[in-house]
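Written out below as structure tokens is the structure these notes cover.
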Amino acid sequence: MPEELEEVIQSGFNRRHFIKLMGLATAGLLASHAIGAEQLFARSIEDEAIADLIPAAVENGITINFKVNSGVKKVLIDSRMTLLDTLRERIGLTGSKKGCDHGQCGACTVIVDGQRVLSCLTLAATCEGKSVITIEGLAKDNVLNPMQAAFLKHDGFQCGFCTPGQICSAVALMKEAKEGNLSYLTKEISGDATPVMLSNEEIAERMSGNICRCGAYPNIVAAIKEAQSGKNITQNWLFAG
């Protein structure tokens, strides 16, 4: 506001001048943050793969070999390191989230040899020779997994922090149902391991270990039901009266 400098000198600083000044200051801060973020992202794209740790610098160090998504990984870690920290800090797969770090929220759920596990409670050393699938490994050739597509269709997320664990848990749940694994809500129990068609109540019970703090549970249940049945599930919207 250089053109108004003379006016300020003559009549003093008023409310209009203050608002203009604050607007210019805010725009300057936003521009500086944007430039900083652009530089940060540019650096991260150019960064090389995570370098191997120096064996002498790792206490209780061990080397594990296991399959992660579509590739085989060989990584040096502390023998007490969790699978979650190994995936995020050593391999660079940050899709699995660290929520509670106590096995209570399910945000860190991944699939190990076809079974869903809480990676924050799983030692990476126990995964030697096993297959680990994370949220990054569900899509194939840029085609979403049917469960991912169903979550998008039914808006099964809000903030998205719990979504990787929710989807991995739901994918493993589908396998459990197909193999005839039962829950205490299963109505038809027989000696044969026949596929279980999941009701809304049973989906909610089997997914109870995955917490959504935004409360998108009805949408999550609808997404899982559509992915299993292959039928279009109508969304039921509940409005407060």
Side-chain angles (χ1 to χ4, degrees), residues 66-70 82-84 87 93 95-97 99-140 143-154 156-157 162-212 215-233 236:
F66 62 129
K67 183 179 180 181
V68 181
N69 298 329
S70 59
T82 65
L83 177 59
L84 176 61
L87 291 171
L93 295 174
S96 304
K97 303 304 181 187
C100 65
D101 207 22
H102 288 80
Q104 297 176 348
C105 70
C108 68
T109 303
V110 297
I111 304 171
V112 178
D113 283 351
Q115 304 296 320
R116 47 182 168 164
V117 303
L118 298 170
S119 60
C120 75
L121 296 184
T122 304
L123 289 175
T126 65
C127 297
E128 173 71 29
K130 296 183 179 180
S131 173
V132 178
I133 298 176
T134 69
I135 188 67
E136 292 92 342
L138 292 179
K140 302 298 182 184
V143 177
L144 292 178
N145 181 281
M147 189 64 70
Q148 292 174 303
F151 265 69
L152 282 172
K153 175 182 176 181
H154 288 275
F157 51 88
C162 74
T163 306
Q166 296 274 4
I167 292 178
C168 284
S169 187
V171 169
L173 182 155
M174 297 273 286
K175 179 175 180 291
E176 295 168 6
K178 185 176 180 180
E179 294 174 349
N181 293 352
L182 309 178
S183 76
Y184 84 96
L185 284 177
T186 306
K187 295 181 179 179
E188 297 182 6
I189 301 177
S190 63
D192 299 327
T194 55
V196 178
M197 186 55 64
L198 301 173
S199 63
N200 289 356
E201 294 75 17
E202 191 153 8
I203 292 173
E205 191 279 327
R206 292 179 186 241
M207 290 290 293
S208 60
N210 291 82
I211 296 174
C212 174
Y217 296 116
N219 302 30
I220 292 171
V221 170
I224 296 173
K225 192 168 185 179
E226 179 164 317
Q228 188 198 32
S229 65
K231 300 177 181 178
N232 183 49
I233 303 298
N236 294 317

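The structure presented is a predicted model; accordingly, all values stated were derived computationally and were not measured.
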Side chains of residues 224-231: which donor-acceptor pairs under 3.5 Å do they make with residues two or more places apart or in other chains?
residue: Lys225; atom: NZ; partner: Asn200; partner atom: OD1; Å: 3.2
residue: Glu226; atom: OE1; partner: Lys153; partner atom: NZ; Å: 3.4
residue: Glu226; atom: OE1; partner: His154; partner atom: NE2; Å: 2.7
residue: Glu226; atom: OE1; partner: Ile233; partner atom: N; Å: 2.9
residue: Glu226; atom: OE2; partner: Lys153; partner atom: NZ; Å: 2.9
residue: Gln228; atom: OE1; partner: Leu198; partner atom: N; Å: 3.1
residue: Gln228; atom: NE2; partner: Val196; partner atom: O; Å: 2.8
residue: Ser229; atom: OG; partner: Lys225; partner atom: O; Å: 2.8
residue: Ser229; atom: OG; partner: Lys231; partner atom: N; Å: 3.2

Shortest non-hydrogen pair, Thr186 vs Glu202, comes out as OG1-OE2, 2.5 Å
State the CG-CG distance between Leu83 and Leu121, to the nearest 0.5 angstrom.
-> 11.0 Å
Shortest non-hydrogen contact between Gly129 and Phe66, atoms and distance = N-CB, 4.1 Å
For the atom pair CD (Gln115) and NZ (Lys130), what is the distance rounded to the nearest 0.5 Å?
-> 10.5 Å
Of all heavy-atom pairs between Ile133 and Val110, which one has the smallest distance, and what is that distance?
-> O-CB, 3.6 Å
Which distance, rounded to the nearest 0.5 Å, do you find between the CG of Asn69 and the CG of Leu93?
-> 6.0 Å
Which atoms form the tightest heavy-atom contact between Glu205 and Ser183, and what is the distance?
-> OE1-CB, 3.4 Å
Enter the distance from Arg206:CZ to Leu182:CG here, rounded to the nearest 0.5 Å.
-> 7.0 Å
Check whether any side-chain heavy atom of Asn210 sits under 4.5 Å from a side-chain heavy atom of Cys162, and report yes or no.
-> no
Under 3.5 Å, side chain of Glu136 to main-chain N/O of Gly95, donor-acceptor pair present?
-> yes
Note: Thr126 and Leu123 closest approach over all heavy atoms is OG1-O, 2.6 Å
Report the distance from atom CD of Gln166 to atom NZ of Lys97, rounding to the nearest 0.5 Å.
-> 14.0 Å
Could you walk me through whether Met207 and Tyr217 pass the side chain to side chain contact (heavy atoms under 4.5 Å, CB included) test, one step at a time?
-> CA-CA 10 Å; Met207 290 290 293; Tyr217 296 116; over 6 Å; no
So Arg116 and Glu176, side chain to side chain contact (heavy atoms under 4.5 Å, CB included) or not? Walk me through it.
-> CA-CA 10 Å; Arg116 47 182 168 164; Glu176 295 168 6; 3.0 Å; yes
Going through the distances and angles, do Asn145 and Val171 end up as a side chain to side chain contact (heavy atoms under 4.5 Å, CB included)?
-> CA-CA 9 Å; Asn145 181 281; Val171 169; 4.0 Å; yes
Test log, rule side chain to side chain contact (heavy atoms under 4.5 Å, CB included), inputs Ile135 and Gln148 = CA-CA 9 Å; Ile135 188 67; Gln148 292 174 303; 4.0 Å; yes
Indicate every side-chain donor-acceptor pair of residues 102-109 with a distance under 3.5 Å to a residue at least two apart or in another chain.
residue: His102; atom: ND1; partner: Cys100; partner atom: O; Å: 2.7
residue: Thr109; atom: OG1; partner: Gly106; partner atom: O; Å: 2.7

Should Phe157 and Ile220 count as side-chain neighbours, where that means a heavy-atom distance under 4.5 Å?
-> no
Minimal heavy-atom distance between Thr82 and Cys120, with the atoms involved, is CG2-O, 3.4 Å
